[in-house]
Amino acid sequence: MADNNHRRRTSAEPGISRPISRRTFLAGTVAAGAAAAVVSSVGLTGCGSSRKKGETPNALSPSASDVTAVGDAYEEADEATLVTGSATYTLPAGTLLWADSNTYAATLMPGSTSTPLNSIGLTSLANGTCTEVLHEAVGASDGYSIYNVRANDSLVVWSELNFLTDDWRVYMASLRGTTMGTAVQLDEGTGDYEVPPLAVAPSTAVWVRQPSENGKRTTETTHVYSQPLSSSSATEICSSRGRLATLPHVNGNILTITPRVNTSSVYYRMLACDPINGSEVSSAVLPTPIKPLDVVWTGSGFAFSVEASYDSGGALGGYGSYLQQGQGFLRLGRIPLDGPVWVGSNLVCKSGSNVTVLNTNRRQYCTVSALSGCASYGDCFATNGSGDQLVIYTTVSRAADHSDAQVQMRVLQLA
């Protein structure tokens, strides 16, 4: 896998026809295109679009004493102390999972042949049963394959990609149990824009339309759209000068996004907002030039991860995972390989092959043991930003030729 060998899936793995990074495929790709629906604009406060270019924002600037290392504040505990229950389920190799619901995980299932390349399923978190809800892409006859998916208890939103032309489409459908309603196309675009990252709020689909990172339109404006099931058109809830720093996440009914502030220097705003109209709940600007790997709103502050160290980033300039607590920050000083996840009162972080649980009530932390025979990168987060339980998964294989490879999904209850 790319980036320290932890994010790349290769064409040798079932269901994937060419090298695709976990950042762009497993976690969902950052993206863009021309809207297929009628789009109205609202809000946009807190996105940085109203700030005059060149105006210096009021960025976070904690002192060194305001940033506390986990080892200085928390006691290490046994896994059994903080992980109070678990269940393990087996799925086919190549399966990808996103748990935005306490009932099901949206599942991208590899096809047994190249047609279809992938199908969409819902995997029960209670018993591990996966129910197929969409066998092939809506645009299969036009050369499209299912590329990415998110779902909660009321809807499923997914993207489709034509791998030959790089054209893409975004769809939404209602859910009633494991029965999917009629697909509605939300957006479409070309290779000048990346396949949109997706998020699901209660009865609302969210997607981000932004220029391709290495394309000809990298300086163009990024637009964040949402559309409730009850609406026939999308609403632009935020715009950003250039690309967002991270993927969108939803905690309850709050959306977290990271637009770039409209200034000549590079500042990113962590923004918690209403996913329907974009109204701001809370926001904070990171010091320049810090670009977070991922951000999620916890309900009282932001949790974010930083992949690199920045000499000019001040007390937040070191790599690691951070939890905002009032005026201070808790820091796990390990290079993150995925964004932080907020589960109950626990901050869960991924570094190397390890998953670390930080219980903020007990001020304790532990490492979740990896499964025997798992992939070198360990577990991936299926829990997408936040959840009431932690869902993780990995590929397990003990045969030299990996002929016995399978995905093991674990549902963990945290103290």
Has the side chain of [X] got a donor or acceptor atom that lies under 3.5 Å from a matching backbone atom of [Y]?
{"X": "T360", "Y": "S345", "value": "yes"}
{"X": "S309", "Y": "G318", "value": "no"}
{"X": "S226", "Y": "A205", "value": "no"}
{"X": "E136", "Y": "S119", "value": "no"}

Among T103, T107, T129, find the residue that satisfies the side-chain contact (heavy atoms from CB on, under 4.5 Å) test when tested with T123.
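With T123 as partner, T103, T107, T129 yield a single side-chain contact (heavy atoms from CB on, under 4.5 Å), made by T107.
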Picking from V156, I120, N118, what satisfies side-chain contact (heavy atoms from CB on, under 4.5 Å) with L134?
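It is I120; the other options fail the test.
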State, with a plain yes or no, whether a side-chain heavy atom of [X] is found less than 4.5 Å away from one of [Y].
{"X": "T383", "Y": "I392", "answer": "no"}
{"X": "Y171", "Y": "E160", "answer": "yes"}
{"X": "L122", "Y": "L175", "answer": "yes"}
{"X": "E79", "Y": "V368", "answer": "yes"}
{"X": "V208", "Y": "H223", "answer": "no"}
{"X": "Q408", "Y": "T90", "answer": "yes"}
{"X": "D294", "Y": "P340", "answer": "yes"}
{"X": "V157", "Y": "V149", "answer": "no"}

Closest non-hydrogen atom pair between P202 and G252, with its separation:
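Looking at all heavy atoms of both residues, the shortest contact is CD-O, 3.5 Å.
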Do R169 and D187 meet the salt-bridge criterion of a basic N to acidic O distance under 4.0 Å?
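Salt bridge flag = no for R169 with D187.
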If the threshold is 4.0 Å, N to carboxylate O, is there a salt bridge linking E307 and K291?
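The answer is no: the pair does not qualify as a salt bridge.
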Between [Y] and [X], is there a side-chain donor-acceptor contact under 3.5 Å, judged purely by atom types and distance?
{"X": "T367", "Y": "N354", "answer": "no"}
{"X": "R260", "Y": "N262", "answer": "no"}
{"X": "T246", "Y": "T258", "answer": "yes"}
{"X": "D100", "Y": "N384", "answer": "yes"}

Working to the nearest 0.5 Å, report the span between CG of N148 and CH2 of W158.
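One finds 12.5 Å between CG of N148 and CH2 of W158.
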To the nearest 0.5 angstrom, please state how far the OH atom of Y144 sits from the OG atom of S159.
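Spacing of OH (Y144) from OG (S159) equals 11.5 Å.
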Apply side chain to side chain contact (heavy atoms under 4.5 Å, CB included) to the pair N277 and I237, showing each step before the final yes or no.
CA-CA 6 Å; N277 58 31; I237 60 172; 5.6 Å; no
Taking atom CG of D388 as the centre, does the number of heavy atoms from other residues, nucleotides or ligands within less than 6.0 Å exceed 12?
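Not buried by this count: 12 neighbours or fewer within 6.0 Å.
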More than 12 heavy atoms of other groups within 6.0 Å of N127 CG
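Counting other residues, nucleotides and ligands, CG of N127 exceeds 12 neighbours.
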Go through it in stages, so that I can follow the logic: the residues are T394 and D379, the test is side chain to side chain donor-acceptor pair (under 3.5 Å), and I'd like the CA-CA distance, side-chain angles, deciding distance and then a yes or no.
CA-CA 5 Å; T394 187; D379 288 288; 4.8 Å; no
What verdict does the side chain to side chain contact (heavy atoms under 4.5 Å, CB included) test give for Q227 and W207, after you've listed the backbone C-alpha separation in whole Å, the side-chain angles of each residue and the deciding distance to 0.1 Å?
CA-CA 9 Å; Q227 184 167 327; W207 69 102; 4.0 Å; yes
Y365 and Y74 aromatic centres sub-6.0 Å
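No - the distance between ring centres of Y365 and Y74 does not fall below the 6.0 Å cut-off.
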In sequence, state the C-alpha distance, the side-chain angles, and the governing distance for L412 and V357, and then conclude on side chain to side chain contact (heavy atoms under 4.5 Å, CB included).
CA-CA 11 Å; L412 307 180; V357 175; over 6 Å; no
Would E75 and N359 satisfy side chain to side chain contact (heavy atoms under 4.5 Å, CB included), going step by step from the backbone distance to the final call?
CA-CA 10 Å; E75 175 188 12; N359 188 291; over 6 Å; no
